[in-house]
Amino acid sequence: MNPFSSGTRLRDMIRAIRACKTAAEERAVVRKECASIRSAISENDNDYRHRNLAKLMFIHMLGYPTHFGQMECLKLIASPGFPEKRIGYLGLMLLLDERQEVLMLVTNSIKQDLNHTNQYIVGLALCALGNICSAEMARDLAPEVERLLQFRDPNIRKKAALCSVRIIRKVPDLAENFINSAAALLKEKHHGVLLTGVQLCIDMSKVSTEALEYFKMKSIDGLVKVLKDLSNSPYTPEYDIAGITDPLLHIRLLKLLRLLGQGDADSSDSMNDILAQVATKTESNKNAGNAILYECVATIMSIEDNGGLRVLAINILGRFLSSRDNNIRYVALNMLMKAISLDSQAVQRHRVTILECVKDSDASIRKRALDLVYLLVNENNVKSLTKELVDYLEVSDQEFKEDLTAKVCSIVEKFSPEKLWYIDQMLKVLSEAGNYVKDDVWHALIVVISNAPNLHGYTVRSLYKAVQTAEHQEPLVRVAVWCIGEYGELLVRNSGVLDVEDPITVTESETVDIVEAAIRRNFSDLTTRAMCLIALLKLSSHFPSCSKRINDIVRHQKGSLFLELQQRAIEFNSIIEKHEKIRSELVERMPVLDEATFSSRRAGSVTAALSTSHGPSPKIPNGVAKPTSAPLVDLLDFSSDDVPPPGSSGGDFLHDLLGVDVSPSPQGTNPAQKSGTDVLMDLLSIGTPPSQSSSSTFDILSSNQDNTSSVDVLGALASPLTPAQTSLPAGSSSMMDLLGGFEASPSLPAVVETNDPTYPTIVAFESSSLKVTFNFSKEPSSLQTTIIEAQFMNKSPNLYSNFVFQAAVPKFLQLHLDPASGITLPAGSNGYITQKLKVSNSQHGKKALVMRIRINYKVNDKDVLEEGQINNFPRDL
């Protein structure tokens, strides 16, 4: 017989393919066999049609195209005999799917077979329909499938239930048609039928509210009885798995009870007893028992509150954590993360076991346990948990250190009970995993240090000790260099020694050694070296005896390959050599950095609460009340205008540390309050683009002896001055040199009209057409609450109508606006509008007030919008 004729058996073809030694030989055999099958199809060979289709299915499984044989499936399905139908339906399920248009031609054949007198043919049709059913086929054949749910043979009922699941998933609207039939399946004694019936009810409950309510009213008692009988049933070899009767049916019943008990207290009460019985009597020595216990715990956590059951469930999860099976521990950690929001105290009892999981050798368990520990931390256990995590940080794997470091830093920042403890823990983290610490973390540490004046000496000594052994810990070196530059004299004088530390003796030369070593390291980056230069400039004023040595170190950086370092080295060298008289004033200690402002910048988009004077307003997705008069989404964007985005680089943050603000003055702030210091602060900035200051690199090389020459190069580093600042009296040649004239120039007046010695009136916002002032008072019963009286004055000769004032604050503040005194603002000084605001600060004493405002009004029937941010609130509010 021809080995490639249509009459060859399937095993002969398989033997020929297996004999091939190369892929090319296999393709040749398959190609010849496919050609033979095509010939048989064209000749309409009925005798070998089922054999050819079997070959096509094997060729399809090898990955070769077999689309030319799809119609053969339909011909075999239409055949009257069972053997032909069996091959036809098998080919239909394997060679076709619901996306094939040819599938529409088989719908009528399946419908006839569903009504066939032979139950085996009915079973074939149900299997095929359950595997490839499309939405159109589901609508056409749903009545036949529903009828078969009451068929006499349990195997047909089981297949009909599975086919119904497919139909409901394809067309959820048909779920209501199966409610009564599905409920009847829950009373079956046959486990196969009962299992598929429960799965059908689960799918129906997910897509149909009507079905869910029906099962809650009619089926819960029956399900509880079935589960109870199943749990107490004696040994049955037919269904026994590891000593447990039908664990698969256990799990399906628990899943259905979970759906029915959610949000229904009565349904939950009726299943409490059986859940407790399953949780206590199920053996946990085998995997089948653990699967049942896990589903039981998930059901207990999902139904309505029962404190005793939840404690029992969490204790089961605690036992899971002691298992040697990694899968069991992982699912237990996942479930505990959900349970902590329901009963955190019960989860806290297993804290020690969870901490052990953080040290597990399996990476997925370590990560999940770390996430759970993060959720467990509160004010009471923060010290003990942080100590455990920091100790483990020393020996943890390199790939795990990044996640562990991020979590530890977040815990310390969020739950720190005191600044001393915060600084100690952050120094430990920087010492152990410095390079894994993100920039915003060590930025925040510097802000906290600057706000703890009684800890400056302790901090700089601790950093001095830590940096001695730091090799590649760049963030630690940066913080140490910054603190040495600011508080180096405290280190040398051993000032502010606390009881918890041992005093050390450090000379001025040793202090400079630390900074010099940091700036000369080959692996130090631009940010670290730039901070070292600033620290050296400050130390040159604090330690006059080391001034020459410091100048030599600075001068060495003139040859740096980085233009930024080269430029700063030239400028600082000039300050040290030529401006000794004002150097001490120029490098004075940094003012206290504003924690509230830094937090808002770090958070980026601040969630704000908004209220207006026009009554209740509709809600928008971000939780802000939005008036219908104007969109306010961008009002909440604290990262725009004068606030830099949170993702700033290390160089940009140095602007914050040095008080630099090179952006245009936003509305609502007074430029005169800042301009007097911009010249000084911009001199020390690190992140100025070269294009803005390139001229200074050359001008500083020439001495400025001409009284009529341009402003000295050190003044060119500052942002552009206003005309009022640049107009100097004639003949005052000393003021032409900005460094020489800085100490002689009068301080600019601040726009603060002090009516009350404690709470001064401030100009909150001022533009060319409008001025807003704030008067402050406190509620006698609460220091956290501030009452603000806002006064709006019209600076133009035009009348303002439809005047609306809106405000937004960060989430640690609560804002309430009373109605304004009017909506019409007269022109000039003829009148004003007042409005009262009440602000409650939950972080009183830690974070200052900050507010973003928007003002809408009409001038000559034209809408005008003005907005700005208010940062100049008195600090003691």
Side-chain angles (χ1 to χ4, degrees), residues 301 310-311 313-315 317-318 320-322 329-360 362-397 400-434 436-438 440-445 447-448 452 475 595 598-599 602-603 607 810-812 842-843 846-847:
M301 293 299 176
R310 285 184 177 170
V311 172
I314 292 172
N315 290 339
L317 295 177
F320 282 0
L321 292 179
S322 303
R329 282 187 289 167
Y330 186 83
V331 297
L333 291 169
N334 265 342
M335 185 61 69
L336 284 171
M337 291 186 68
K338 301 174 183 177
I340 195 170
S341 61
L342 302 174
D343 193 342
S344 61
Q345 291 301 321
V347 180
Q348 290 282 356
R349 298 190 189 103
H350 304 280
R351 191 170 65 236
V352 176
T353 310
I354 296 169
L355 275 172
E356 289 301 317
C357 292
V358 175
K359 305 172 185 178
D360 195 88
D362 188 277
S364 58
I365 292 178
R366 286 201 309 261
K367 190 175 187 313
R368 188 60 62 200
L370 182 60
D371 294 338
L372 180 55
V373 169
Y374 181 74
L375 297 177
L376 286 174
V377 177
N378 55 37
E379 291 80 1
N380 299 323
N381 59 25
V382 60
K383 289 189 176 181
S384 59
L385 284 179
T386 303
K387 183 180 184 301
E388 293 284 345
L389 294 177
V390 171
D391 290 343
Y392 178 60
L393 187 60
E394 302 178 15
V395 295
S396 62
D397 298 335
F400 186 55
K401 275 194 175 182
E402 183 174 359
D403 286 339
L404 182 56
T405 301
K407 284 290 189 297
V408 172
C409 293
S410 181
I411 289 171
V412 172
E413 291 178 11
K414 187 175 181 180
F415 298 101
S416 173
E418 55 186 2
K419 289 185 177 179
L420 176 60
W421 183 84
Y422 172 88
I423 292 172
D424 284 341
Q425 302 308 311
M426 292 306 301
L427 293 188
K428 290 179 183 178
V429 173
L430 289 175
S431 300
E432 297 298 334
Y436 294 99
V437 175
K438 299 185 182 300
D440 59 341
V441 173
W442 65 267
H443 295 170
L445 175 59
V447 174
V448 171
E595 289 186 79
F598 174 77
S599 299
R602 187 179 180 188
T607 306
K811 61 182 178 181
F812 66 88
S842 61
Q843 301 290 328
K846 298 179 181 179
K847 295 183 179 181

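Below, all heavy atoms of this structure are taken into account, side chains as well, without hydrogens, waters or symmetry copies.
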Verdict with supporting geometry, E356 and L321, side chain to side chain contact (heavy atoms under 4.5 Å, CB included): CA-CA 9 Å; E356 289 301 317; L321 292 179; over 6 Å; no
Is there a side-chain contact between [X] and [Y] in this structure, where contact means two heavy atoms from C-beta onward sitting under 4.5 Å apart?
X    : Y    : value
N315 : H350 : yes
R366 : D397 : yes
V412 : V390 : no
V382 : W421 : yes
L389 : L370 : yes
K438 : E402 : yes
Y422 : L445 : yes
V373 : K407 : no

Do the side chain of [X] and the main chain of [Y] share a donor and acceptor less than 3.5 angstrom apart?
X    : Y    : result
D343 : V311 : no
D403 : F400 : no
S416 : E413 : no
D391 : E394 : no
T405 : V437 : no

Rounded to the nearest 0.5 Å, how far does [atom2] of [Y] lie from [atom1] of [X]?
X    : Y    : atom1 : atom2 : value
K846 : K419 : NZ    : NZ    : 9.0 Å
D371 : L375 : CG    : CG    : 7.0 Å
S384 : L355 : OG    : CG    : 8.0 Å
Y392 : E432 : OH    : CD    : 13.5 Å
C357 : K367 : SG    : NZ    : 15.0 Å
Q348 : I354 : CD    : CD1   : 8.0 Å

NZ (K387) with more than 12 external heavy atoms under 6.0 Å: no
Over 12 foreign heavy atoms within 6.0 Å of CD, Q345: no
Give the minimum heavy-atom separation between [X] and [Y], together with the two atoms involved.
X    : Y    : value
L393 : K401 : O-CE, 3.2 Å
V377 : N381 : CA-OD1, 3.4 Å
L317 : A332 : O-CB, 3.7 Å

Short N-O contact, K428 and D424, less than 4.0 angstrom: no
Test: D360 and R329 ion pair at under 4.0 Å: yes
Between Y374 and S410: side-chain donor-acceptor atoms closer than 3.5 Å: yes
